Amino acid sequence: MAGKGQRNADAPWYRFDPRDYLARNYAHVRVEDRQVLELVRDFLGDAGRSRDRRGGLRGIDVGTGANLYPALSMLPFCESITLYEYAKSNLEWLTEQNAAEWPSWDPVWSGFWALLRERDPYARLGGHPRRLLAERVEIAEGSVFALDPAAGTWDMGTMFFVAESITAERAEFADAVRGFLAVLRPGAPFAIACMENSVGFEVGGVWFPAVAVDGADVGRCLAGRATDVAINRVEANGTSLRAGYTGMIVACGRASGVPAARDSSVGEHRPAHAKEVR
């Protein structure tokens, strides 16, 4: 991971524009997103069914922002899915969308769902599970740095394009990954996706920080905190999604239930974080 730079708490997350972000990144299913979603779908399709045959699992997507496909990947297995988000603008967008049963479904998320439902158990939910999604979603405000296993844990989790995309500090990236894992029950299946070598990005004319990471960096954060880990690299498809971008890293595995350990060199974390997806 390269260099130091802007910390999470110093970035202007209150200016994050989810509508601009959605239009820039999810107007259609990109080749890289397709490959990421296939990897996660196949992993959760197996792990989710064997995790708890009684059903009724609780899932969490950390830093949802304007990206719904991580939550969709958990929909067949969870009776509730917490969309955990910090930025006020993203929270407002998510709340409005969910109250109206996701009007962005047909122009955007139906394409991602079509990819998921190529396989059971997604196919059994049909082609338009938007009402089911609205019923199961719970929107919660909070920072990834303030996740507290003492306040509750989850049976399944996703965190896509968050840890590396909320800071330019390597220690904060590691803290975000470890904090996410710490709120998952032992054995809980998870999927983490990161932008490879990203150094920053623009949304709505505003620049936000990122830290360059690769698969080895992600693996080090998971060491001792996860089992059955598989890390895959998805090659960039010739489109520069953001500065420095060279591809996507996808890590799937099961949480070990190890408490998160903060890096004292970073100092106290203020809960100021927003989810970014690219």
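Keep in mind that this is a model prediction, so the values were computed, not measured.
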(message) Which heavy atom of Ser165 sits nearest to which heavy atom of Trp13, and what is that distance?
(response) O-CH2, 3.5 Å
(message) Could you measure the distance from the CG atom of Asp17 to the CZ atom of Arg24? Nearest 0.5 Å is fine.
(response) 9.0 Å
(request) Assign the ring pair Trp113 / Tyr122 to parallel, tilted or perpendicular, where the plane angle (0 to 90°) is split at 30° and 60°. (result) perpendicular
(request) Could you tell me whether Glu235 and Arg233 make a salt bridge, using a distance below 4.0 angstrom between a side-chain N and a carboxylate O? (result) yes
(message) Applying the side-chain contact (heavy atoms from CB on, under 4.5 Å) criterion to Met156, which one of Arg185, Met74, Arg254 satisfies it?
(response) Met74
(request) May I ask you to test the Glu172-Phe145 pair for a side-chain heavy-atom distance under 4.5 Å? (result) yes
(request) For Val206 and Glu202, run side chain to side chain contact (heavy atoms under 4.5 Å, CB included): C-alpha distance rounded to whole Å, both residues' side-chain angles, the deciding distance at 0.1 Å, then the answer. (result) CA-CA 5 Å; Val206 180; Glu202 182 182 306; 5.9 Å; no
(request) Mark yes or no for whether Arg136, through its side chain, and Leu75, through its backbone, hold a donor-acceptor pair below 3.5 Å. (result) yes
(request) Determine whether the aromatic ring centres of Tyr26 and Trp109 lie less than 6.0 Å apart. (result) yes
(request) Side-chain contact test, heavy atoms from C-beta onward, threshold under 4.5 Å: evaluate it for Tyr69 versus Leu115 and give yes or no. (result) no
(request) To the nearest 0.5 Å, tell me how far Cys221 SG sits from Phe180 CZ. (result) 12.5 Å
(request) Classify the side-chain pair Glu85/Asn90 by whether it contains a donor and acceptor separated by less than 3.5 Å. (result) yes
(message) Under a plain distance cut-off of 3.5 Å, with no hydrogens placed, do Glu196 and Thr246 share a side-chain donor-acceptor pair?
(response) yes
(message) Can you tell whether the side chains of Arg7 and Glu169 come within less than 4.0 Å, N to carboxylate O?
(response) no
(request) Please check if any side-chain donor atom of Asp61 sits under 3.5 Å from a side-chain acceptor atom of Tyr84, or the reverse. (result) no
(message) Between Ser198 and Met195 (side chain of the first, backbone of the second, donor and acceptor by atom type, cut-off under 3.5 Å), is there such a pair?
(response) no
(message) If we count only N and O atoms by modelled type, under 3.5 Å, do the side chains of Asn197 and Tyr245 hold a donor and an acceptor together?
(response) no
(request) Report the residue from Leu147, Thr158, Thr153 that forms a side-chain contact (heavy atoms from CB on, under 4.5 Å) with Ile60. (result) Leu147
(message) To the closest 0.5 Å, what do you measure between CZ (Arg225) and CZ (Phe190)?
(response) 11.5 Å
(message) With a 4.5 Å cut-off on side-chain heavy-atom distances among I, L, V, M, F, W and Y, is there a chain of contacts connecting Val218 to Val199?
(response) no
(message) What's the separation between atom CZ in Arg34 and atom CZ in Arg41, rounded to the nearest 0.5 Å?
(response) 9.0 Å
(message) If I compare all heavy atoms of Phe208 with all of Arg15, which pair ends up nearest, and what's the gap?
(response) CZ-C, 4.2 Å
(request) Flag the pair Leu72 / Leu133 as yes when at least one side-chain heavy-atom distance between them is below 4.5 Å, and no otherwise. (result) yes
(message) Using a strict threshold of under 4.0 Å (side-chain N to carboxylate O), is an ion pair present between Arg130 and Asp106?
(response) yes
(message) Whether Asp155 and Arg58 form a salt bridge (side-chain N of Lys/Arg under 4.0 Å from carboxylate O of Asp/Glu) is what I want to check.
(response) no
(message) When you group the ILVMFWY residues by side-chain heavy-atom contacts below 4.5 Å and let the links chain together, are Leu132 and Leu83 in the same group?
(response) yes
(message) Taking the basic N atoms (NZ, or NE/NH1/NH2) and the acidic carboxylate oxygens, is any pair closer than 4.0 Å for Asp46 and Arg119?
(response) yes
(request) Group every Ile, Leu, Val, Met, Phe, Trp and Tyr by side-chain heavy-atom contacts under 4.5 Å, then state whether Leu184 and Val258 land in the same group. (result) no
(request) Answer with yes or no whether the side chains of Thr167 and Gln6 bring together a donor and an acceptor at under 3.5 Å. (result) no
(message) Counting C-beta onward and ignoring hydrogens, is there a side-chain heavy-atom pair between Ile81 and Glu138 closer than 4.5 Å?
(response) no
(request) Please round to the nearest 0.5 Å and tell me the distance separating atom OG of Ser80 and atom CG of Leu57. (result) 9.0 Å
(request) Run the numbers on Ile192 and Phe160 for side chain to side chain contact (heavy atoms under 4.5 Å, CB included), then give the verdict. (result) CA-CA 5 Å; Ile192 296 172; Phe160 281 32; over 6 Å; no
(request) Using a strict cut-off of less than 4.0 Å between a Lys/Arg side-chain nitrogen and an Asp/Glu carboxylate oxygen, indicate whether Glu96 and Arg19 qualify as a salt bridge. (result) yes
(request) Find out whether Ile249 and Asn232 are in side-chain contact, i.e. whether some heavy atom of one side chain is under 4.5 Å from a heavy atom of the other. (result) no
(request) Side-chain contact test, heavy atoms from C-beta onward, threshold under 4.5 Å: evaluate it for Phe201 versus Leu241 and give yes or no. (result) no
(message) I need the Phe173 CZ to Cys194 SG distance, nearest 0.5 Å.
(response) 4.5 Å
(message) Restricting to non-hydrogen atoms, name the atom on Ser104 and the atom on Gln97 that form the minimum distance, rounded to 0.1 Å.
(response) OG-OE1, 2.6 Å
(request) Identify whether Trp93 and Tyr14 are in the same connected component of the hydrophobic contact network (ILVMFWY, side-chain heavy atoms under 4.5 Å). (result) no
(request) Might you point out which heavy atoms bring Leu94 and Gly65 nearest each other, and give the distance in Å? (result) CD2-O, 3.4 Å
(message) With heavy-atom distances below 4.5 Å as the criterion, would you say the side chains of Phe112 and Leu68 are in contact?
(response) no
(request) Side-chain contact test, heavy atoms from C-beta onward, threshold under 4.5 Å: evaluate it for Val144 versus Ile166 and give yes or no. (result) yes
(message) Please find the pair of heavy atoms, one from Pro76 and one from Pro121, that lie closest to each other, and give the distance.
(response) CB-CG, 3.9 Å
(request) Without swapping roles, check the side chain of Asp175 against the backbone of Val177 for a donor-acceptor pair under 3.5 Å. (result) no
(request) Work out which heavy atom in Gly111 is nearest to a heavy atom in Val29; give both atom names and the distance. (result) C-CG2, 3.8 Å
